[in-house]
Amino acid sequence: MWAVVLQLAGCLGLGGWGLAALGLRTHAPAPLRAVLAFPLGMGLWGWLLFWPGLVGWFTPAVMAAMMVPALAGLALLPGGWPRWRRPGPVTGLALLVLLAAMALGLPQALSPPVDADTLAYHYDLPRRFLEAGRIFFTPRAVDGATPLLIQMTYASILGLGGEGGLGLWAWGSSWGLGALILVLSRHSLSPAVAVILTVLVMTTPAVLYGAGTGQVEVRLALFVLLCAVALGRWWQGGPLGWLVLAGLAAGFFMGGKYTGLLFAVAADLVVLAGLIRRMKQGGRLGGALGHALIFGVSVLIAGGQWYGLNWAASGDPVFPMLFSLLGPDRVRFWDGEIDAVFRSAFPVTEMPLAHTIPNLLAYPVLATFAPLPAFDAGRVGLGPVAVMMAPFALAAAWAARRRLWQSAWMPTLGLVLGYYGLWFFLGGSQRVRHLLPLYPLFLLLVAIAVNQWGKDKARRCVLGGAMAVVLAVQMGGALINARWYVSHWTAGRDQYYADGLPTYPLAQWANQHLGPTDKILITARELSYLLNVPFFFAHGSTQNQVVMATADRDIARFWRQIRAQGITHLAGIGVVEADLERLGCAAKVASIPLILRESRTLGGAGIPLPMDVQALTPATCPLETDTPP
Amino acid sequence: MRRNAVLILATLWLSACLSGWLVQFRAMVHAVLGLG
């Protein structure tokens, strides 16, 4: 708890230092200064923690020592806060709904982590980094070799306060987004509409899904908003510090997820458009080039370190995406065979829509009303608000088309459209939550435009009625999400995980029966964080150290690879168990009853699926003769 | 006249969107719970 409070304050303080260093402290009113300081500070904190991690000083003591000067930056934030005014009845009601939405996140925030991706790597990698006292490269595509700026902030919570603070930090940092939307929208919208917009964003199904977990998208949305505000101020002739701030924000997104590369390109295009605009107004070419350079360097400094680590460790800065370009001689931990498996598996599961203009336009409608399973939008989508409001926003934009180019929101529109186009044509996955970092900004833009359309009372009533229905459904979703955690409030840890995670009995068995000299091969990624014994996660298409795809056809190689990894036990690999037993290379030591459920939150009938655990028996294995000593 | 037509169109559009979304939501819950 104290670690979370300290880190929230520390991030605000670091942001205070950052704004002061950029000369922007007096360029924003106090509320805006505070809500911009938090994402800036969070990004700086994640960035700073990389370096002690790199040199092997990734310890709670070092983290605590770094927190002290960060906290001192809080002194730079106060001053000039507006006086509290008593809200009207509609605003008061909206504020109550906002508080209820915040409260509904607390049961999850105060419970142990149970989301699969979170356990697989968002919290597991920080745990392993802390155990090792340093950060290291994980040679696994998608969820291993990935930029981890946000996960660094989980590591410091884990190091300074233990697991109990992780959910609370996730909850608190996600509400930094709520605060940012509230303050930004308040500039253009009435208090009631600003609060309602904030609740609409914060109860979006994808936000509910990710905010209280280690998923990074909600926190990346903070960097997107920070970048949009900074670019908007610079676009309107603000000081150079805003451009540097925008570059840092884009870089933090890049350091937090590969899709941040697309965002950095979109932001670059917006900066170029801004520079062309300035030159048309009489600016010099040299000055424009200087500005472009400053922006690019800010992006690279803030977000480049994880790409550098990947490059140094594997030869590919975006491991393994440049393999076909760089070739097997330059990229380690990867080869042509696994690349073919990876590339054939990925489009089917992650990119079902062809990259065409009609599909680009159809995607938002499909994702809202008829999502394909690969969109992952049925349960955790973006809600209907954006599509519902689109015609009204377009009508308002058309009415204001002559003033649009001068608007501070113009760069925002460029960021949103640029990112969406780049993501659709170049992105690696069509999961709708990959759009989540841009979604709050888009919704803010739409709300400001729709507010222009809905000036008269009748229009406001129609729009307000529709939003009330959406809000009611989304609050219902928040309630259902909270219900599972409340119902398991008094459950012990084992019972909690047994109910929430179908594969948990395997982790329980391994922790009870194996020791530090054993190493279990698992294929259920969500067990990673929960295992207290050595393990190896053998994904079928994202790693090349133990090739699973051809294990049954080349059992001798499979044996060599698992022996080279020091594996002593196999769990539920599903391809070669019978062959290994027949050859005398493995013996079943346990059969663990698992029950797979479609949804933890909604429930549903379970499917029994026993999982066998085998111990390797090299002494009786004829394949062992091939193994080098 | 034009003002009312815009309001009616807006109401129809918003209702259609809400219905479409809720139908999708219901189908998803049914699928998850195996209700057919």
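It should be emphasised that the depicted structure is a prediction, and the values quoted were computed from it without experimental measurement. Every chain is numbered from 1 and lettered A, B, ... according to where its sequence line falls, protein lines coming before strand lines.
Contact check for B:Leu14 versus A:Val469: no side-chain heavy atoms found under the 4.5 Å cut-off. A 4.5 Å side-chain heavy-atom check between B:Val6 and A:Trp453 finds at least one atom pair inside the cut-off.
Here A:Asp456 contributes atom CG and B:Leu7 contributes atom CG; the two are 6.5 Å apart, rounded to the nearest 0.5 Å. A distance of 7.0 Å separates CE in A:Met467 from CG in B:Leu18, rounded to the nearest 0.5 Å. Rounded to the nearest 0.5 Å, atoms CZ (A:Phe369) and CG (B:Leu22) are 10.0 Å apart.
In this structure, the portions of B:Trp21 lying under 4.5 Å from any heavy atom of chain A include both its backbone and its side chain.
For A:Phe424, the CZ atom counts as densely surrounded, since its 6.0 Å shell holds more than 12 non-hydrogen atoms of other residues, nucleotides or ligands. Within a 6.0 Å radius of CZ in A:Arg402, no more than 12 heavy atoms belonging to other residues, nucleotides or ligands are found.
Of all heavy-atom pairs spanning A:Ala370 and B:Gln24, the tightest one is N-CG, 4.5 Å.
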